Amino acid sequence: NAGVTQTPKFQVLKTGQSMTLQCAQDMNHNSMYWYRQDPGMGLRLIYYSASEGTTDKGEVPNGYNVSRLNKREFSLRLESAAPSQTSVYFCATWIGPGNQPQHFGDGTRLSIL
Amino acid sequence: LAKTTQPISMDSYEGQEVNITCSHNNIATNDYITWYQQFPSQGPRFIIQGYKTKVTNEVASLFIPADRKSSTLSLPRVSLSDTAVYYCLVAGLDNYGQNFVFGPGTRLSVLP
């Protein structure tokens, strides 16, 4: 049981390049999230998808787009990468309303030169 | 959104009990309190969750006073492997989960 799988684990881009980060879950959870974590800081929400077919902006959505392809998959796209987007990106899932915690992948470490 | 405040860092020695307190003065009636642990190069991992009074599991205890304006995560007899960042979250759970807000957390260092 893989849980939440993120690919790739590491990536180096040049400024202006585009890239899609992939997230897949096998827990049948309704909601999925993308966070970024900068050194010494907590996680900041970029976008989330409450359910299949819906997406909404989080705290820091500028420079990103997302696609909830189906219930299992939620991708994050950087159309024109900037050095300020160098960060570790985490995908998370949540089963839905009720006292259940989020489940996280192990992150994608992205460096933009 | 209920804002949380935690100490930025704490040091402890192996075998000691560690208590990390989180303040959440504007917690709402339907908010739960959840604690996560994060190791380097890993995503946060759920430790414990509670609404009021005391909750205990095989890893930790969570103490919540009657006014719910704070909570304390208690780690009994810590080991070196408990060195991690600990996050306190306060979120209402009758919504679509858009208010899972992570602060900077508490960096716990366990020394031999």
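A quick note: this is a predicted structure, and the numbers were derived from the prediction, not measured. A, B, ... follow the sequence lines: proteins, then strands. Residue 1 opens every chain.
- In terms of hydrophobic clustering, with Ile, Leu, Val, Met, Phe, Trp and Tyr side chains grouped at heavy-atom distances under 4.5 Å, A:Tyr48 and B:Phe46 are assigned to a common cluster.
- Heavy-atom distances place no part of A:Glu59 under 4.5 Å from chain B, backbone and side chain included.
- Taking the centre of each ring, A:Phe104 and B:Phe39 stay at or above the 6.0 Å mark.
- One hydrophobic cluster, built from ILVMFWY side chains closer than 4.5 Å, holds both A:Val88 and A:Tyr33.
- Looking only at side-chain heavy atoms (C-beta outward), A:Gln102 and B:Tyr36 come within less than 4.5 Å of each other.
- Each of B:Ile47 and B:Phe63 belongs to its own hydrophobic cluster when Ile, Leu, Val, Met, Phe, Trp and Tyr are linked at side-chain heavy-atom distances under 4.5 angstrom.
- Scanning all heavy atoms of the two residues, the minimum distance from B:Tyr87 to A:Gln37 falls at OH-NE2, 2.8 Å.
- By the rule that hydrophobic residues join a cluster once side-chain heavy atoms approach within less than 4.5 Å of another member, A:Trp94 and B:Phe102 end up as members of one cluster.
- Taken to the nearest 0.5 Å, the CZ atom of A:Phe90 stands 9.0 Å off from the CD atom of B:Gln42.
- For a heavy-atom cut-off of 4.5 Å, chain B lies close to A:Gly105, A:Asp106, A:Arg109 in residues 105-112 of chain A.
- Side-chain heavy atoms closer than 4.5 Å link hydrophobic residues (I, L, V, M, F, W, Y) into clusters, and following such links, possibly through other members, connects B:Val18 to B:Tyr86.
- The local environment of CZ in B:Arg107 is sparse, with at most 12 non-hydrogen atoms from other residues, nucleotides or ligands closer than 6.0 Å.
- Of residues 60-67 of chain A, not one residue has a non-hydrogen atom less than 4.5 Å from any non-hydrogen atom of chain B.
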